[in-house]
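Reading through the structure tokens given below for one structure.
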Protein chains: 2
Amino acid sequence: MLRVVTTVNVNGLRAAAKKGFSAWLAATEADVVCLQEVRAEPEQLPAEIREPEGWHAVWAPAAAKGRAGVALLSRQRPERQRIGFGSAEFDTSGRYAEIDLPGLTVVSLYLPSGEVGTERQEEKERFMKEFLVHLLDLRTQAAVTGREVLVCGDWNIAHREADLKNWRANQKLSGFLPEERAWLTRVFDEAGYVDVVRRLHPDTPGPYSWWSYRGKAFDNDSGWRIDYQIATPGLAEQAVGARVERAASYDARWSDHAPVTVTYAAQA
Amino acid sequence: MLRVVTTVNVNGLRAAAKKGFSAWLAATEADVVCLQEVRAEPEQLPAEIREPEGWHAVWAPAAAKGRAGVALLSRQRPERQRIGFGSAEFDTSGRYAEIDLPGLTVVSLYLPSGEVGTERQEEKERFMKEFLVHLLDLRTQAAVTGREVLVCGDWNIAHREADLKNWRANQKLSGFLPEERAWLTRVFDEAGYVDVVRRLHPDTPGPYSWWSYRGKAFDNDSGWRIDYQIATPGLAEQAVGARVERAASYDARWSDHAPVTVTYAAQA
DNA sequence: CGTATAATG
DNA sequence: CATTCTACG
């Protein structure tokens with residue numbers, strides 16, 4: 001049996017809904033969809049998105065109005081759901097939600113974006129520090145219970161030179177700082193998670209999942225791969241296909257990010 | 001010789017420019033156009049509006065960005081121009097500018113809108129008090145120099161029951177309060193100015209010049225007459241025609257106000 | 001450059 | 001209900 005998972009940063013779900021997200025959702029073959037940057041209370045969303053027919057939805061809006069916000073949609077009813085990862089600072093910031101499906105925990109993550117030299121970069125670093133501890137916990141718990149874990153979302157870090165178009169020009173920019181890249185390496189090497197899309201496509205540049213709205217970034221494919229599906233090794237081995245659903249044109253986009261979709265040959 | 005004067009609150013000239021103001025300006029037969037709620041610095045405007053060919057422009061933006069702002073466009077070069085009416089509180093608020101043409105002073109006025117029970121209503125009242133003194137001054141100066149005066153603009157007050165659709169329901173609303181109506185009466189009776197459009201159309205309901213964007217106000221013609229041309233008696237007697245340039249449909253509008261145009265059989 | 005809020009009208 | 005501003009990304 002196959003299980004298809006998509007993650008996408010929608011950059012404002014109300015705006016995305018008007019531009020094409022609803023059509024995308026109606027057409028997708030995914031079994032689980034992880035959303036980031038919902039930027040709305042569920043009550044502010046049209047009903048067909050708040051409670052889509054055939055889906056179970058978990059909404060984790062931020063306390064601050066119009067900011068962040070993650071969600072998970074799954075065709076199966078989750079066994080359990082959880083908002084936040086046990087952080088006093090970040091649990092009401094709309095950056096983490098998880099659901100348990102049979103044998104599998106799926107997370108929707110929106111890691112803070114930073115800006116070098118500002119408080120926002122310090123916040124990003126605090127999040128990274130706390131979140132790595134949680135990832136280790138999650139891995140341990142999963143090993144004990146025999147579950148797999150899949151952390152989907154916008155991690156706001158490109159790992160390697162192949163993960164963004166102009167890596168040289170961006171080495172001092174938040175999102176490709178040496179310390180951020182090293183942190184992701186720890187996620188893989190110390191915590192033992194696997195970058196699923198990179199594992200399937202070891203040699204491709206990208207595939208990018210985010211293009212700035214500024215300038216001609218999209219048309220030039222001057223993008224970044226910052227949206228990941230990060231899995232425990234047992235699940236990563238089941239991944240049989242991955243693709244980025246890049247829009248056909250600038251105007252066909254409904255977000256500055258594109259959906260990242262992976263097909264798993266699941267045991268459950 | 002005829003002289004045509006238009007006054008219109010554009011509700012954001014940058015937005016209006018995109019929606020049809022530019023076309024309107026290119027087509028108008030007015031010799032003088034008074035604008036209110038420009039809501040932009042002249043530098044933020046497209047050149048064909050900032051310095052329209054064949055026109056002389058006077059811009060009086062507010063110190064607060066994106067607020068108020070009045071302007072005057074005239075085909076003739078003004079002999080003199082003035083921004084503000086000598087008020088410490090209001091001279092940088094983008095609510096008053098005047099030009100002198102031969103034998104005639106034209107004012108573009110944007111009287112503050114209020115809200116009962118708030119500081120904004122007190123501000124409106126302070127403006128009214130100061131402005132009436134200025135109107136008396138202006139009248140006296142004009143009499144001495146033998147000039148006529150025309151005060152065009154958004155006065156944010158409907159004078160009589162005929163000046164708005166549902167006067168009963170609006171008696172406690174700012175814009176139709178007894179004290180505001182009484183103040184306008186003083187402008188006419190004590191200061192000796194004449195409501196030119198009402199003089200030409202003594203019995204018509206309206207003609208309204210503002211319709212809320214909310215609900216079906218425009219389609220139901222549920223409007224207010226709050227944009228006036230208020231003239232010294234000698235000029236008022238020369239008025240030979242007046243009309244409100246109401247848009248053909250809701251979608252054809254480029255402001256929530258419509259231009260109020262008067263044709264004067266001028267001596268000069 | 002685009003999505004949100006907030007204040008204003 | 002529309003236009004702006006500001007914050008954020």
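Throughout, a chain's letter reflects where its sequence line sits, starting with A, and its residues are numbered from 1.
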Taking any heavy-atom pair under 4.0 Å as a contact, classify B/I226: base, sugar-phosphate, or nothing. nothing
Answer with base, sugar-phosphate or nothing: what part of the nucleic acid does B/Y250 contact at a heavy-atom distance below 4.0 Å? sugar-phosphate
Residues which pass salt bridge (Lys or Arg N to Asp or Glu O under 4.0 Å) with A/R50, listed by chain and number, not counting sequence neighbours: none
Contact class for B/K19 (heavy atom, under 4.0 Å): base, sugar-phosphate, or nothing? sugar-phosphate
side-chain contact (heavy atoms from CB on, under 4.5 Å) partners for A/R181, two or more places apart: A/E161, A/F176
Taking the six-membered ring of B/Y110 (Phe, Tyr or Trp), confirm whether the NZ or CZ of B/R95 is under 6.0 Å from its centre and within 45° of its axis. yes
Would you grab the first and last nucleotide of DNA chain D (5' to 3') that comes under 4.0 Å of any non-hydrogen atom in chain B? D/dC1 to D/dT6
Can you see whether B/S108 engages B/E98 through a side-chain donor-acceptor pair at a distance of less than 3.5 angstrom? no
How is B/Q36 classified with respect to the nucleic acid when contacts are heavy atoms under 4.0 Å: base, sugar-phosphate, or nothing? nothing
Sequence neighbours excluded, the answer for side-chain contact (heavy atoms from CB on, under 4.5 Å) partners of A/A88 is none
Restricting to salt bridge (Lys or Arg N to Asp or Glu O under 4.0 Å), what partner residues turn up for B/R67, sequence neighbours left out? none
State which residues pass side-chain hydrogen bond (donor to acceptor under 3.5 Å, both in side chains) with B/S93; sequence neighbours excluded, sorted by chain then number. none
Just to verify, what does A/R246 make a salt bridge (Lys or Arg N to Asp or Glu O under 4.0 Å) with, not counting sequence neighbours? A/D221
From the 5' end of DNA chain C to its 3' end, which nucleotides mark the outer limits of contact with chain A, defined by a 4.0 Å heavy-atom distance cut-off (strictly under)? C/dC1 to C/dA6
What residues form a side-chain contact (heavy atoms from CB on, under 4.5 Å) with B/R186, not counting sequence neighbours? B/L132, B/E190
Could you list by number each residue of residues 109-118 of chain B showing a heavy-atom separation from DNA chain C of less than 4.0 Å, or answer none if no residue does? B/Y110, B/S113
Any residue meeting salt bridge (Lys or Arg N to Asp or Glu O under 4.0 Å) with B/R126, in chain and number order, not counting sequence neighbours: B/E89, B/E119
Using side-chain contact (heavy atoms from CB on, under 4.5 Å) as the criterion, list what pairs up with A/N170, not counting sequence neighbours. A/L164, A/N166, A/L173, A/W224
On DNA chain C, check which nucleotide each of B/N11 and A/Q44 is closest to and give me the residue with the more 5' one. A/Q44
